[in-house]
Amino acid sequence: MNELIKMTTPLVEMDGDEMTRIIWKMIKDELICPFVDLKTEYYDLGLEERERTKDKVTMDSALAAKKYHVAVKCATITPNKQRVEEYNLSEMWKSPNGTIRSVLDGTVFRAPIIIDSIKPAVRTWEKPITVARHAYGDVYKATEYRVPGKGKAELKFTGENGESFCETIYDFECGGVLQGQYNKDSSIVSFAHSCFRYAISTKQSLWFSTKDTISKKYDQTFKLIFEQIYNENYKEEFEKLGIEYFYTLIDDAVARVIRSKGGFIWALKNYDGDVMSDMISTAFGSLAMMTSVLVSPDGNYEYEAAHGTVTRHYYRYLKGEETSTNPMATIFAWSGALKKRAELDGLDELYAFGEKLEKASLATLEEGIMTKDLVNLCEGETQCVNTAGFIAAIRERLERLL
């Protein structure tokens, strides 16, 4: 056995829930620990542990990510009413992703993993489309109220200097629902800087879209901040590189995206980015073939899979049934985190390992060995395997490369 590849600084490891938690362990056991002397600071973000610690573990993991600058995260459950009952929770804990994004003040960049044998559903797309999702506020931090009956809803603000604002939202003549959401200039500024810097580092044009014609204060603030930061800080560099920045309404952007050839970054507000990244990944092939990295302006990185905890497969797994769950996004979360750790610590061998892990994974797919979700999308001969079989095939190719 060759000597294990060394690490100097730990990664922050955030474990998760259900089927992705099972896959997480398989990836570590089969594809990483046999080759790397893995150093991590471990946090269990499984729902049981979040309940036990009253969600303190989530905040602790986010602060650790700020300390060590690189984290890798498994998919986690954001509980709804059904999950509260299923897991016997004391309360409906908030999204761990939302908490971590809020602490790191970053932008989520999501891009599809592309292979030649799977053609995008949109025939014009030739290159990946990266979605840059603002990772703060909006509906994810909204205050909600179920209006029981007749009454007046008001939007009120009281400034520190005593200045106040109050406007009627709606005079309810019956029951309804009410939601108040917010964002802040400092987070939008961080979002803009992250997007412009990422565009420069990847040499891709940047599109930004909201709906400022309808949201004349909220969305327009995003538009104006982006415009100012671009003109004052990045315009010259963009022009030098031959890339462009432009703003357009989100409905126009959707039409442009569908007609495009790809190969650009599409910046979106929090919820818009959540929805559109799923659309982009599915149109390119599968949600399990989507990389995701949270980047903060002060140099923190958190890598994760863009998909959920694959609940349906987990219930089958608990019954002892075989599952063919695609682990590619989780593998690329690990490889991305290892490469970033290597880059920050100057560890060439560790970086090369991350590259080879990705190469072995893609080679396995190109040879037609794949999980069930990809088989019907693939052109040419395929061999459908279960998750363990797929990971074993990747390990075989990884060993050859090493």
Side-chain angles (χ1 to χ4, degrees), residues 14-32 72-77 97 108 110-121 128-131 274 277-293 303-319 321-338 354 356-398:
M14 305 171 179
D15 210 342
D17 288 298
E18 298 189 320
M19 200 64 219
T20 41
R21 186 183 183 96
I22 307 301
I23 291 169
W24 189 263
K25 187 175 186 308
M26 290 168 70
I27 290 168
K28 283 177 67 180
D29 289 350
E30 293 297 319
L31 299 179
I32 298 170
V72 58
K73 181 182 172 295
C74 184
T76 47
I77 294 168
N97 289 342
V108 179
R110 289 180 171 169
I113 302 164
I114 292 177
I115 59 170
D116 291 340
S117 54
I118 296 178
K119 303 300 180 194
I129 295 167
T130 301
V131 172
D274 194 359
S277 64
D278 279 13
M279 184 271 287
I280 294 287
S281 63
T282 303
F284 269 106
S286 168
L287 192 54
M289 297 282 283
M290 190 79 158
T291 63
S292 182
V293 55
Y303 294 81
E304 61 177 343
H307 58 73
T309 58
V310 205
T311 308
R312 187 169 50 87
H313 285 199
Y314 181 62
Y315 291 153
R316 286 176 53 194
Y317 170 84
L318 290 178
K319 291 178 189 171
E321 295 175 16
E322 213 174 68
T323 66
S324 184
T325 317
N326 189 337
M328 281 291 288
T330 308
I331 291 170
F332 270 65
W334 273 103
S335 64
L338 289 169
K356 286 170 184 174
L357 176 55
E358 291 176 3
K359 190 175 177 183
S361 302
L362 293 170
T364 304
L365 291 176
E366 293 288 10
E367 289 172 40
I369 301 167
M370 54 188 61
T371 47
K372 193 177 179 181
D373 61 314
L374 299 181
V375 166
N376 293 334
L377 302 171
C378 189
E379 296 178 1
E381 286 187 22
T382 60
Q383 180 188 342
C384 183
V385 291
N386 61 23
T387 310
F390 183 63
I391 288 174
I394 293 171
R395 177 166 177 170
E396 189 184 316
R397 285 151 187 78
L398 179 59

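Residues: numbered from 1 along the sequence shown.
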Taking all non-hydrogen atoms of both residues, which atom of [X] and which atom of [Y] are closest, and how far apart?
| X | Y | answer |
| --- | --- | --- |
| Gly285 | Leu377 | O-CD1, 3.0 Å |
| Ser281 | Asp278 | OG-O, 3.0 Å |
| Ile113 | Met290 | CD1-N, 4.2 Å |
| His307 | Ala288 | CD2-CA, 3.7 Å |
| Trp24 | Asp15 | CD1-OD1, 3.5 Å |
| Val131 | Ile280 | CG2-CG1, 3.9 Å |

### Task
For Glu366, check salt bridge (charged side-chain N to carboxylate O under 4.0 Å, His left out) against everything at least two apart and list the hits.
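For Glu366 there are no salt bridge (charged side-chain N to carboxylate O under 4.0 Å, His left out) partners, ignoring immediate neighbours.
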### Electrostatic pair Glu322-Arg316, nearest N-O below 4.0 angstrom
no
### Query
With a 4.0 Å cut-off, would you call Asp17 and Arg21 a salt bridge?
no
### Task
Begin from the C-alpha positions of Glu304 and Arg110 and carry the test side chain to side chain contact (heavy atoms under 4.5 Å, CB included) through to its verdict.
CA-CA 10 Å; Glu304 61 177 343; Arg110 289 180 171 169; 4.0 Å; yes
### Message
Heavy-atom count check: over 12 atoms from other residues, nucleotides or ligands less than 6.0 Å from Lys372 NZ?
### Response
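At most 12 heavy atoms, drawn from other residues, nucleotides or ligands, come within 6.0 Å of this atom.
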### Query
Can you tell me if CD on Glu379 sees more than 12 non-hydrogen neighbours from other groups inside 6.0 Å?
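It does: Glu379 CD has more than 12 such atoms within range.
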With the side chain counted from C-beta on, respond yes when [X] and [Y] share a heavy-atom pair under 4.5 Å apart, and no when they do not.
| X | Y | answer |
| --- | --- | --- |
| Tyr303 | Phe332 | no |
| Leu398 | Leu357 | yes |
| Thr323 | Met19 | yes |
| Val293 | Val108 | no |
| Met26 | Pro327 | no |
| Ser117 | Leu365 | no |

Between atom [atom1] of [X] and atom [atom2] of [Y], what is the distance when rounded to the nearest 0.5 Å?
| X | Y | atom1 | atom2 | value |
| --- | --- | --- | --- | --- |
| Cys378 | Asp116 | SG | CG | 10.0 Å |
| Ile27 | Arg395 | CD1 | CZ | 13.5 Å |
| Glu30 | Ile331 | CD | CD1 | 11.0 Å |
| Tyr314 | Glu18 | OH | CD | 6.5 Å |
| Phe390 | Thr387 | CZ | OG1 | 9.0 Å |
| Met328 | Ser361 | CE | OG | 5.0 Å |

### Task
Please confirm whether the backbone N or O of Met279 pairs with a side-chain atom of Thr282, one donor and one acceptor, at under 3.5 Å?
no
### Query
Short question: side chain of Thr382, backbone of Val375 - any donor-acceptor pair under 3.5 Å?
no
### Task
List in chain and number order the residues that pass side chain to side chain donor-acceptor pair (under 3.5 Å) with Ser335, two or more places apart in sequence or in another chain; answer none if no residue qualifies.
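With sequence neighbours excluded, Ser335 shows a side chain to side chain donor-acceptor pair (under 3.5 Å) to Glu358, given in chain and number order.
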### Task
With side chain to side chain contact (heavy atoms under 4.5 Å, CB included) as the test, would you mind laying out the steps for Glu396 and Ile394 before giving the verdict?
CA-CA 5 Å; Glu396 189 184 316; Ile394 293 171; over 6 Å; no
### Task
Report the C-alpha distance between Thr325 and Thr371 in whole Å, list the side-chain angles of each, state the deciding distance to 0.1 Å, and finish with yes or no for side chain to side chain contact (heavy atoms under 4.5 Å, CB included).
CA-CA 6 Å; Thr325 317; Thr371 47; over 6 Å; no
### Task
Check the pair Ile369, Arg397 against side chain to side chain contact (heavy atoms under 4.5 Å, CB included), reporting the backbone distance first and the verdict last.
CA-CA 12 Å; Ile369 301 167; Arg397 285 151 187 78; 3.3 Å; yes
